[in-house]
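Residues take their numbers from the sequence shown, with the count starting at 1.
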Amino acid sequence: MSKTLEQILGSVNLLGLIQGVTQGIPNPLPDGFMTVNKQVLGRTGRYVRVQGQRQTAKLVAYGSPAVRTGLKGIDEIDVMLLHSFEEQMIDVLTLQRLRQYDSYEVQQLGMQEVARHAANFAMKFKNLRIAVACQMLNAGAVYYDTDGNLLPSSAGAAVTVSAQMAAGNQTQLNMLGAGSIISASWATATTNIPLQLRNLKTAFLKLTGYPAELAIYGKNVPTYFTNNDFVADYLSRNYPKATPYLALNELPQLFGFEWIPAYTSFFEDQNGTNQDIIGDDTVIFCPRPSIEWFQVIEGSYQIPNSIDIRPEQFGVASAFRTVYGDFGYSLPAASPPTYTSFFGTTFLAIPTVPNALAQADVTV
C-alpha cells in the first residue's frame, strides 16, 4: 500500500509552510514587482518584449483601402529561469518525537521543531525572490558565482542573467544620445534637480512610450533634496508637500514621482556578510509595475507524490506531481533513521522592456 508524504509526516504540510512563510529580508518594492504573471512547464520561459507605440496613424483619402502596417517593436524572447534546490536533514530526536503517538506533548514538540526548520529553510527561497527583483531593478541583471551563490555585483560572477539594458539607461542617463540627463551631481546645492527630473520624464516617454512614475532611491537622496537650493525653494512655497517630508524624513510624492525608499534592501551572503542591493546614490526610475514591462515567471518541477514500488513502468508517473514556483517535500532515510527535507524554486523576475528602467547614479 502506498503512503503519501503527508501521511508519513502526519499533519506537517511542508508545501504549505514554504508558501506561507513570512519574508525574512526587507522588501521595499510595491507588490506588483513580486506578483507572478506567468507559469511555464520546466525552466524555459518565453516573454513578449513590447516597445510602446509613439507613431501616429497615416492620413488616407476617405473611402480608400486601408494602408497596411507591420507590427512594431514586438519580439519574442526565450529565457532560462533561475532554479534553486537544496536539502536539509531532520535529526533523529525530532523524528522520535513525531512518532511518539502516546504522548501529545512530545509529538507536538516534534511538529513544532519540524515547522521551525521548514520555515527557516523556506525563508531562503522567499529572500531569493526579493533579492532578485531588487537586483534586476538596480542593475538590470543578477549575478552568481561558481558555487551558485547570489552576488551583489558582477565582480567574480560566473553566471549572469541579464535583461540586456542599454548603456544609455544607466549612470548619467544619456537615454536619447543627446547628452546626460544627470548632467550635474545632486550632491551640489546649485544643481537644478527639478529640471533634470523634467528632462528625464520627457526622454523616458520618448524612448519607451511608458511614463516614468516611480523613483526608487538610496539612503543619501533625501539629504541631497534637503540641501538643494531649487528643492528647498519649492518646498518653502508648498507647505502640503513639505509636511510629510519633514514628518517622515523620506521623500513625499514630489515632482511627478512617487518616491520609494529602498536602502533597506539587502541579503546575507554565504560568508554571513550583509550585502546592500540599492546604492546610496542610486535612483531607479520606472513605470508602475505592470505585466506589460515587468514579469515574474514561474517554472515547474516534479516532486514525489508517494513512496512505493510500481510494477509497471507507466505507473511511475502517478508517483509524481507538478508544482509551479516554490516546492517542498520530504523523504525518509534508513541510516540513520530520519528524513530529509527538499526545498526549491524555479522562477525569474525580469523587465521585459529593459529600457523601461532608468538606473541613475545621481552624483557622477
Side-chain angles (χ1 to χ4, degrees), residues 28-35 37-38 45-58 69-79 132-142 161-183 186 193-218 221 253-260 262 278-279 282-297 348-362 364:
L29 303 178
D31 291 341
F33 287 113
M34 307 300 298
T35 302
N37 309 116
K38 181 185 298 184
R46 171 176 291 185
Y47 63 85
V48 177
R49 178 182 295 170
V50 180
Q51 300 290 344
Q53 177 64 267
R54 280 90 70 196
Q55 294 181 346
T56 62
K58 293 182 178 181
T69 185
L71 298 176
K72 181 179 184 297
I74 298 179
D75 302 301
E76 290 189 347
I77 309 297
D78 291 319
V79 291
V132 166
C134 288
Q135 280 206 339
M136 273 295 183
L137 293 176
N138 181 64
V142 290
V161 180
S162 174
Q164 305 299 320
M165 284 192 60
N169 280 55
Q170 298 172 315
T171 313
Q172 292 181 278
L173 306 186
N174 185 9
M175 299 175 68
L176 297 175
S180 299
I181 294 173
I182 308 299
S183 55
W186 289 14
I193 294 177
L195 177 60
Q196 289 187 7
L197 292 174
R198 286 195 297 274
N199 291 337
L200 169 68
K201 275 186 167 291
T202 301
F204 198 96
L205 195 60
K206 287 181 178 179
L207 179 66
T208 69
Y210 297 94
E213 300 168 289
L214 304 183
I216 303 169
Y217 63 89
V221 176
Q253 188 93 15
L254 195 62
F255 302 126
F257 292 93
E258 179 182 342
W259 295 83
I260 300 174
I278 308 297
T282 296
V283 182
I284 303 160
F285 300 96
C286 63
R288 297 188 184 279
S290 165
I291 191 174
E292 292 182 354
W293 76 272
F294 190 93
Q295 292 188 17
V296 179
I297 307 170
L348 184 63
I350 190 167
T352 54
V353 182
N355 287 341
L357 281 176
Q359 302 157 336
D361 183 335
V362 297
V364 174

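The backbone N or O of P211 lies less than 3.5 Å from no partner atom in the side chain of K201, so there is not a single donor-acceptor pair. Side chain of S180 to main chain of I182: no donor-acceptor pair is present (N/O by atom type, distance under 3.5 Å, no hydrogens or angles).
Between the side chains of Q359 and Q170, at least one donor N or O sits under 3.5 Å from an acceptor N or O.
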Worked verdict on L207 versus N169 for side-chain contact (heavy atoms from CB on, under 4.5 Å): CA-CA 10 Å; L207 179 66; N169 280 55; 3.4 Å; yes
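Evaluation of the side-chain contact (heavy atoms from CB on, under 4.5 Å) rule for N199 yields I181, L195 as partners, not counting sequence neighbours. The ring-ring contact (aromatic ring centres under 6.0 Å, His included) check on F285 picks up F257, with sequence neighbours excluded. With sequence neighbours excluded, no residue satisfies side-chain hydrogen bond (donor to acceptor under 3.5 Å, both in side chains) with R198. Residues satisfying the side-chain hydrogen bond (donor to acceptor under 3.5 Å, both in side chains) criterion with W186, sequence neighbours excluded, are Q196. Taking Q172 as the reference, nothing meets the side-chain hydrogen bond (donor to acceptor under 3.5 Å, both in side chains) condition, with sequence neighbours excluded. Residues forming a side-chain hydrogen bond (donor to acceptor under 3.5 Å, both in side chains) with N174 (at least two apart in sequence, or on another chain): none.
Between the OG atom in S290 and the CG atom in N37 there is a gap of 8.5 Å [rounded to 0.5 Å]. Between the CZ atom of F33 and the CD atom of Q295 there is a distance of 13.0 Å, given to the nearest 0.5 Å. Considering CD1 of I260 and CG of L214, their distance stands at 4.5 Å, rounded to 0.5 Å. The distance from the CD1 atom of I350 to the CH2 atom of W293 is 11.5 Å, given to the nearest 0.5 Å. Once rounded to the nearest 0.5 Å, the distance linking OG1 of T202 with CE of M175 reads 10.5 Å. Of the inter-residue distances, the one linking M34 atom CE with F294 atom CZ reads 8.5 Å to the nearest 0.5 angstrom.
What you find for A262 and P28 is that their closest heavy atoms are CA-CB, 3.8 Å. Between N355 and T208 the shortest heavy-atom distance is O-CG2, 3.0 Å.
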